[in-house]
There are 2 protein chains.
Amino acid sequence: MASIRDHLFDSSFLDQSIAYLAEAHKLAITVLDSDGATVASRRSEGSDTPTSRAYPFSFSSDIGSMVCGAPNPEQLEQAEPHIRYCLSALNSQLMRETELQETTEEMLQLASQMNFLFKVAKQIIGIDDLQKCYQIILEEIAKATKADQGFIQTKGRWDEEICVTHRMSEAEVAASRESSNLQRSAGVSTIICAREDGASLLYSPIKEKDGLSGQMLFIRALGHRAFSASEKQLVAIIENIISPTFETLRLYDSLQDLYLNTVKALAAAIDAKDQYTHGHSFRVAKYAMAIGGELGIDSQQLNDLEIAGYMHDLGKIGISELILGKPGKLTSEEFCLIQQHPVFTDKILQPIKLPPHILEGATQHHERMDGTGYPGGLVGMDISRFGRIIAVADVFDALTSKRPYRDALPVEEALQKLCEGIDTLFDREMILAFIAALQSDRSKEVLGEINMSLRHNDLQNLNHFLVELTEFAMTSKRD
Amino acid sequence: MASIRDHLFDSSFLDQSIAYLAEAHKLAITVLDSDGATVASRRSEGSDTPTSRAYPFSFSSDIGSMVCGAPNPEQLEQAEPHIRYCLSALNSQLMRETELQETTEEMLQLASQMNFLFKVAKQIIGIDDLQKCYQIILEEIAKATKADQGFIQTKGRWDEEICVTHRMSEAEVAASRESSNLQRSAGVSTIICAREDGASLLYSPIKEKDGLSGQMLFIRALGHRAFSASEKQLVAIIENIISPTFETLRLYDSLQDLYLNTVKALAAAIDAKDQYTHGHSFRVAKYAMAIGGELGIDSQQLNDLEIAGYMHDLGKIGISELILGKPGKLTSEEFCLIQQHPVFTDKILQPIKLPPHILEGATQHHERMDGTGYPGGLVGMDISRFGRIIAVADVFDALTSKRPYRDALPVEEALQKLCEGIDTLFDREMILAFIAALQSDRSKEVLGEINMSLRHNDLQNLNHFLVELTEFAMTSKRD
C-alpha cells in the first residue's frame with residue numbers, strides 16, 4: 001500500500017510546512033497516511049479547533065492527507081489560500097522526491113550491473129577452459145538473480161553441446177527446455193515466463209557472429225516471487241557483453257583440440273612405421289595422464305602432459321626404419337644412433353617455442369633417477385616432473401608390448417619390473433601413482449580400452465596383486 | 001555563471017509561489033537571477049509598492065533572489081513569515097531539482113557507457129585476429145572520447161609487442177610514451193595528465209591475470225579541452241570488461257602460432273629425411289601463400305593455406321626411405337607406392353577434423369586439371385582451390401630443386417614448363433597469380449629469402465621475362 005512515508009526522503013520540509021500553518025495561521029495540522037495513521041502533527045498552543053477539513057495529497061494513488069483544524073469555519077475559510085499553497089508546495093516536493101527516488105534506483109541498478117560485469121570479467125581473465133568459464137558465469141548470474149536453479153547450454157569445440165548446470169539434474173534440464181510455455185516464448189531476446197507448474201523462468205539466447213549458439217535458463221522455484229525486470233536486464237547485459245569472450249574461448253578450445261589431435265595423428269603415423277611400436281605414443285600419453293590425474297595436476301597440465309606423451313618419440317623420424325625395425329641384435333653404433341632420438345625430438349621441437357614443461361616431458365623420458373639415462377644423464381629431481389612421469393609410462397608400454405625378441409609381458413610382471421627400478425631408475429612417486437591409477441575408478445575411462453588389451457590373469461587377482469605391490473613400492477629401501 | 005534558470009527543470013511551482021504571494025499577501029514579486037536579470041515577476045493589480053526587500057535563494061553559490069515589494073514597511077513586516085515559508089518551499093524545490101538533474105546525468109552517463117560496451121562487444125564478436133580486434137577497440141574509444149590520436153600497445157602471441165595506432169606515427173607513439181609527465185604518473189589505474197607541450201593525455205594500463213600486459217594512450221591536441229572525468233571512466237570501464245577477451249585472444253593467437261610452427265617443424269623433419277626434399281614443404285607453403293596473397297584471400301585463409309602447404313607431404317612418413325631416396329629409376333611398383341602418399345596424408349589427417357579446405361589442399365596437390373592426376377583423378381574445378389594453388393607451388397619447387405638425375409632448373413625454365421601445362425595440368429589463374437607474385441613488391445617479404453637462392457640470370461632480365469610470360473599465359477589457347 002502506497003503511503004506518503006514511502007515518498008518522502010526527508011521530512012524536514014513537511015515539518016516546516018505544518019509549523020508554518022500552525023504558527024502563522026493558528027491551525028491544528030495532522031498529516032495522515034493512506035491507512036489513517038498519523039505521520040506528523042502540529043498545533044498552536046492553547047487554541048481549540050472544533051472545525052476541521054482534510055486535504056488529500058495529489059498523487060497517482062491515495063497516499064494520505066493533511067487535516068487542518070480551526071476554532072471556527074470562518075477562520076478555516078480565511079486560511080484556505082494559505083493551506084492550498086502549502087499543499088501545492090508539498091505536492092511538488094513529493095513529486096520531485098519520487099522522481100529522484102526512481103532515478104536513483106535506476107542508476108544504482110545500472111551501477112550494480114556494471115559492477116557485476118566487472119566482477120565476472122575479473123574472474124574469467126586468463127581461464128582458458130570453456131566449461132570452467134561457463135560455470136563461473138552461471139554461478140554468478142544465479143547468485144545475482146537469486147535463481148534456485150539454472151543452466152547454460154551452448155556449443156563446444158566442434159559444435160557439440162556443452163551444458164553446465166546450477167543445482168539441476170540432467171532430467172530437470174531436459175524437462176525445463178521442453179516446457180511448452182518456454183518453447184512458445186523463446187526467441188532472440190531475453191524473456192521471463194512461467195513454467196506450467198508456475199515456477200518463474202528467466203531465459204536468454206546466447207548469440208554469436210552467425211546466429212544463436214546456445215541458451216541460458218534460470219529458474220525460481222514455485223512459491224518464490226517471479227524474476228523481476230531488473231534481473232532480466234542483468235542477464236541480457238551479461239549475455240551481450242560476454243558473447244565475444246564466449247566465441248573466442250570456443251575458437252581457442254577447438255584449436256586446442258585440433259592441436260592435440262594433429263600431434264596425436266602424426267605420432268600415430270610415426271609409430272605405425274614399426275609394427276612393434278604401433279599405438280605406442282597413444283598408450284604412453286594415456287598412461288602418463290593416468291599418473292598425472294592420480295597426482296592431482298589440473299586439466300590444462302593434463303592436456304600438456306598428453307601432448308608431451310604424443311611427442312616423446314617424434315625424433316624417431318630422424319632414425320632409419322632399417323635400424324628401428326631391425327629384427328636381430330643392434331650393433332653398438334646402431335644403438336648409439338637410437339639413443340639419439342630424444343636429441344632429434346629436441347631438435348625438431350626446439351624452434352617451436354613450446355612451453356618448457358612439454359618440451360622437457362618429450363625429451364627426458366629416457367633419463368633415469370640415478371643418472372644412468374640418456375641423453376643428458378640427469379639425476380633425480382633434475383629430471384622434470386613430466387619426464388619422470390613419461391619414463392614410467394614409456395617403459396610400462398614397452399614391457400607390455402610384443403618385441404621381435406620376446407612376447408609382451410603380463411601387467412603384473414611389467415609392474416614388478418618397474419618396482420625393481422624404484423629410486424634407481426624411476427621416481428617412486430610416479431610408480432605409486434601409476435599403480436593407484438590402475439586400481440582407481442577415476443582412471444577407468446582413460447585406461448579402459450587399454451586395460452582390455454593388457455594380458456593379465458584375471459581382474460580379481462590383479463587387484464589383489466596391486467595392493468601388495470603398493471605395499472612393496474612404499475616400503476622398498478630408499479638409497 | 002550559475003543561475004536559478006539552470007536549477008529549475010520546471011518553473012510552474014515558482015509561478016505558483018509568486019502568484020500566491022502577490023494575491024494572498026498583496027505583494028509585488030520579482031525573481032532575479034545572479035546577473036540581476038528578471039526571471040519571473042507578479043504583482044497584485046493597482047497596488048503601489050515603494051518598500052521592497054530582496055531575499056536571496058540559499059544555494060552553494062549566488063543563483064539569484066526574490067525581491068518583494070509592499071505599499072509600506074509595516075505590511076512587508078506582516079508578510080515576512082509567509083515570504084519566508086515561500087522561500088523555503090522554493091529552496092527545497094531547487095535542491096531536489098538539482099539533485100535530480102545530477103542523478104539523471106550520472107545515470108545517462110552510465111547508460112551511455114553500457115551502450116558503448118554493447119557496441120564494442122558486438123563488433124568484436126567472432127574476430128579472431130588480435131590486431132584487428134585491438135584496432136576496433138582503439139577506434140571506438142578514440143571516437144567516444146573525441147581523442148585526436150591514440151594507441152594501444154600490448155603483448156602479442158609470444159609476448160612480443162603489438163601496437164595499433166589511431167592517427168599517430170611510430171615516432172609520435174614513442175615520443176608520447178616517453179613523456180616524463182606520463183612516466184611519473186602512470187601506474188595501475190587510468191589517469192589523465194598533461195604532456196609537456198600541454199596536450200591532454202588519457203592513459204590506461206591493460207591488466208591481465210598476472211599483472212600488466214600493456215597500455216592505452218589517448219591524446220587530445222593542444223588547444224582542445226582536456227579529457228573529462230567521464231571520458232576517463234569510459235576508458236577504465238572498457239579496459240576492465242574487455243580484458244578477458246584480450247587475454248583469450250592472446251591465448252588463441254599464441255596457440256595458432258604454436259600449431260603452425262609444430263606442423264612446420266614436423267614437415268621439416270619429414271622433408272629432412274631425404275636430402276633432395278630438404279626444406280621442400282617450407283618453400284611450397286611460402287609459394288602457395290604468395291599465390292594466395294595475389295588472389296587477395298584473407299589472412300585467416302592464408303594461415304590455413306600455409307598449414308596445408310606444410311602438411312602436403314606428411315603422407316611420406318608412410319613410405320619407406322629406401323624408395324623415397326632411391327638414386328636410380330623407380331620400378332612401376334615403387335612409383336605406385338609413391339603415388340599413394342596423398343592417400344597416406346589423407347589417412348593421417350582424416351581423424352583430426354581439420355577444416356575441409358586445409359585437408360583438400362594437403363591431399364589434392366597431385367591432381368591435374370585434365371583429370372590425369374592422382375589419387376582421385378579429379379577434373380578442373382572439382383579440384384579444390386587450395387589443391388590447385390599447392391599443385392603449382394609444389395611443381396615449381398620440384399623443378400627448381402636439385403634431383404639425383406638432374407640439376408635444379410633456373411626460375412625462367414621452371415616457369416616456362418609450368419606455363420606449358422596451363423589448362424591441361426595447372427589452373428591458369430594460379431600460374432598468373434604466381435608470376436604476378438614474383439613480380440610484385442608485396443611478395444618480396446615472403447619470397448625474399450627463397451628468391452635469393454633461386455638460380456636465375458639476373459633480376460632485370462627476370463622481370464622482363466615475367467612480363468612476356470604473363471602475356472603468354474594470358475593468351476595461350478584454352479581447351
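Sequence lines set the chain letters: A, B, ... in the order given, protein chains first and strands last, and positions in each chain run from 1. Every value quoted in this text rests on a predicted model; they were computed, and no experiment measured them.
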Heavy-atom contact with chain A under 4.5 Å, split by part of Ala265(B): both
Interface moiety of Leu314(A) toward chain B, non-hydrogen atoms closer than 4.5 Å: side chain
Heavy-atom proximity to chain B below 4.5 Å, by part of Ala269(A): both
Any side-chain donor near an acceptor of the partner, His82(A) and Tyr85(B), under 3.5 Å: no
Proximal component of Ile307(B), with respect to chain A [non-hydrogen, under 4.5 Å]: neither
Engaged part of Ala111(B) at the chain A interface, taking heavy atoms whose separation is under 4.5 Å: both
Top of Leu322(A), Asn91(A), Asn240(A) for chain B proximity - count of heavy-atom pairs under 4.5 angstrom: Asn240(A)
Among Ile270(B), Ile348(B), Leu349(B), residue most engaged with chain A (heavy-atom pairs, under 4.5 Å): Ile348(B)
Name of the residue among Met95(B), Gln93(B), Glu99(B) meeting side chain to side chain contact (heavy atoms under 4.5 Å, CB included) with Arg96(A): Gln93(B)
Toward chain B, the part of Ile237(A) with a non-hydrogen atom under 4.5 Å: both
Among Gln16(B), Gln350(B), Met107(B), Gln109(B), residue most engaged with chain A (heavy-atom pairs, under 4.5 Å): Met107(B)
Contacting moiety of Ser17(A), where chain B heavy atoms sit under 4.5 Å: both
His278(B) atom NE2, neighbour heavy-atom count above 12 within 6.0 Å: no
Min side-chain heavy-atom separation Lys353(A)-Asn261(B) under 4.5 Å: no
Residue, of Gly318(A), Ala272(A), Ser320(A), Ser12(A), that accumulates the most heavy atom pairs under 4.5 Å with chain B: Ser320(A)
Heavy-atom side-chain proximity of Thr262(B) to Met311(A) below 4.5 angstrom: yes
Partner chain B: residue of His25(A), Lys207(A), Lys347(A) with the largest heavy-atom pair count (under 4.5 Å): His25(A)
Best-contacting candidate, Cys86(A), Ala24(A), Pro81(A), against chain B by heavy atom pairs under 4.5 angstrom: Cys86(A)
Met114(B) vs Leu117(A) side-chain heavy atoms within contact, under 4.5 Å: yes
Glu80(A) atom CD, over 12 foreign heavy atoms within 6.0 Å: yes
Heavy-atom proximity to chain B below 4.5 Å, by part of Phe118(A): both
Region of Ala89(A) in contact with chain B, defined by heavy-atom distances below 4.5 Å: both
Contact origin within Leu108(A) toward chain B - heavy atom pairs under 4.5 Å: neither
Side-chain heavy atoms of Val263(A) within contact of Leu266(B), under 4.5 Å: no
Structural part of Tyr259(A) lying under 4.5 Å from a heavy atom of chain B: both
Contacting moiety of Leu94(A), where chain B heavy atoms sit under 4.5 Å: neither
